[in-house]
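Just below is one structure, and these are the notes that go with it.
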Amino acid sequence: MPKKVLPKRFDYQLLTSFLKQESWFEVGSREENQYLDEIGIDRYNPPRQQESARSDLFINYNIKGYHGLIRTSISSTPTYQVAKSKPAWVLIVLGGNSEKIYSSQPIHRTKNFLTNLRHESIIIQTAIKERPAKEGCGYLELHKVSARLYIWVKPGTTEREYMFHEPFFKKLPRETQLYLNRKLSKDKYYKKYCDEHGIEYGSASRLRRKWEKKTETA
């Protein structure tokens, strides 16, 4: 198990500066709470124990319909706080209703935490920017096949046109290409290990409790 290493404030500031330069916009906690209230999420009944640090949230808007979302699980204001147990997440959501389309694996607090988070932000931003299209059907949609497998499909179908990374892999910086190749190799090895040992591949993500909707009161 990799050793837990909490990121230093200065290093985190370098990451957030990079995100803002790359058109990731920070979302304030008041704005997020208002949104959660509007869609009926019961934010006072969390699915798991919450740490005190409010998580910085960044969003990357794209005209092609998918948006990028980063939950750092670190709070930079008013004081710097790092949630010691919660991982970070990088998501693709559908613009307008924030329906989750794609989720990265949890990004844990290791010595490479900030580097990994930076690579994941580049992957997501490039994926939505280079979202593939097909003549006659418009932009393709991301479809989840299994815990860690996503494919691009024509709207209304489940037939694969591309694997998730295929349309944009060559547009990634070289270092991010190497990062993604290592990640894909690890996934392939882990799936083989699960198959050989009778372990359900990706079961942790399916068992993770989700935020609940508010119940109607008379």
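Small disclaimer: the values here were computed from a predicted structure and weren't measured.
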Go through Ile123 and Phe168 one step at a time and tell me if the side chain to side chain contact (heavy atoms under 4.5 Å, CB included) criterion holds. CA-CA 9 Å; Ile123 290 170; Phe168 62 85; 4.0 Å; yes

Could you go step by step and tell me if Thr110 and Val5 meet the side chain to side chain contact (heavy atoms under 4.5 Å, CB included) rule? CA-CA 5 Å; Thr110 66; Val5 179; 5.8 Å; no

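Side-chain atoms of Gln125 and Trp24 include a donor-acceptor pair closer than 3.5 Å. For the residue pair Arg109 and Ser73, a side-chain donor N or O sits within less than 3.5 Å of a side-chain acceptor on the partner. There is no side-chain donor-acceptor pair under 3.5 Å between Asp56 and Thr72. Side-chain contact of Thr158 with His143: a donor-acceptor pair under 3.5 Å is absent, judged by distance alone.
In this structure, Tyr139 is not a member of the same hydrophobic cluster as Tyr162, with clusters built from ILVMFWY side-chain heavy atoms closer than 4.5 Å. Ile128 and Phe18 fall within the same hydrophobic cluster, defined by Ile, Leu, Val, Met, Phe, Trp and Tyr side-chain heavy atoms under 4.5 Å apart, directly or through other members. Taken together through direct or relayed side-chain contacts under 4.5 Å among Ile, Leu, Val, Met, Phe, Trp and Tyr, Ile92 and Leu94 form part of one hydrophobic cluster. Transitive grouping of hydrophobic side chains (ILVMFWY, heavy atoms separated by less than 4.5 Å) keeps Ile122 and Leu178 in distinct clusters.
Within 6.0 Å of CD in Glu130 there are more than 12 heavy atoms belonging to other residues, nucleotides or ligands. Other residues, nucleotides and ligands contribute at most 12 non-hydrogen atoms within 6.0 Å of the NZ atom of Lys129. Atom NZ of Lys8 has 12 or fewer neighbouring heavy atoms from other residues, nucleotides or ligands inside a 6.0 Å radius.
Using a 4.5 Å cut-off on side-chain heavy atoms (C-beta onward), Gln81 and Thr79 make contact. Between Ile74 and Phe113, some side-chain heavy-atom pair lies under the 4.5 Å cut-off. Here the side chains of His119 and Glu175 are in contact, with some heavy-atom distance below 4.5 Å. At least one side-chain heavy atom of Pro7 sits less than 4.5 Å from a side-chain heavy atom of Tyr80. In this structure, the side chains of Leu57 and Ile70 stay at 4.5 Å or more apart for every pair of heavy atoms. Inter-residue side-chain proximity for Glu99 and Val93 is flagged as unmet; no heavy-atom pair is nearer than 4.5 Å. Considering only heavy atoms from C-beta on, Ile124 stays 4.5 Å or farther from Asn60 through its side chain. Between Glu161 and Lys134, some side-chain heavy-atom pair lies under the 4.5 Å cut-off.
In terms of heavy atoms, Trp152 sits closest to Met163 at CD1-O, 3.3 Å. In this structure, Leu6 and Lys84 approach most closely via the heavy-atom pair CD1-CG, 4.0 Å. Of all heavy-atom pairs spanning Ile107 and Glu120, the tightest one is CD1-CG, 3.7 Å. The minimum heavy-atom distance linking Ser76 with Arg9 is given by the pair O-NH2, 3.8 Å. Of all non-hydrogen atoms in Tyr66 and Leu140, the two that sit nearest each other are OH-O, 4.4 Å.
In this structure, NE2 in His108 is found 11.0 Å from OG in Ser85, a value given to the nearest 0.5 Å. Taking CZ of Arg148 as the start and OG of Ser103 as the end, the distance is 10.5 Å to the nearest 0.5 Å. Separating the OG atom in Ser17 from the OH atom in Tyr12 is a distance of 10.5 Å, to the nearest 0.5 Å. Between the CD atom in Gln105 and the CG atom in Asn116 there is a gap of 10.5 Å [rounded to 0.5 Å]. Considering CG of Leu142 and NZ of Lys100, their distance stands at 13.0 Å, rounded to 0.5 Å. Atoms CG and NE2, on Leu180 and His165 in that order, are 6.0 Å from each other to the nearest 0.5 Å.
Put simply, the side chain of Arg71 never gets that close to the backbone of Ala88: no donor and acceptor are under 3.5 Å apart. No donor-acceptor distance shorter than 3.5 angstrom exists from the side chain of Thr176 to the backbone of Leu172, with no hydrogens or angles considered.
Phe25 and Tyr61 have tilted rings, their planes meeting at an angle from 30° to 60° on a 0 to 90° scale.
In this structure, Lys154 does not pair ionically with Glu159, as no charged nitrogen and carboxylate oxygen lie closer than 4.0 Å.
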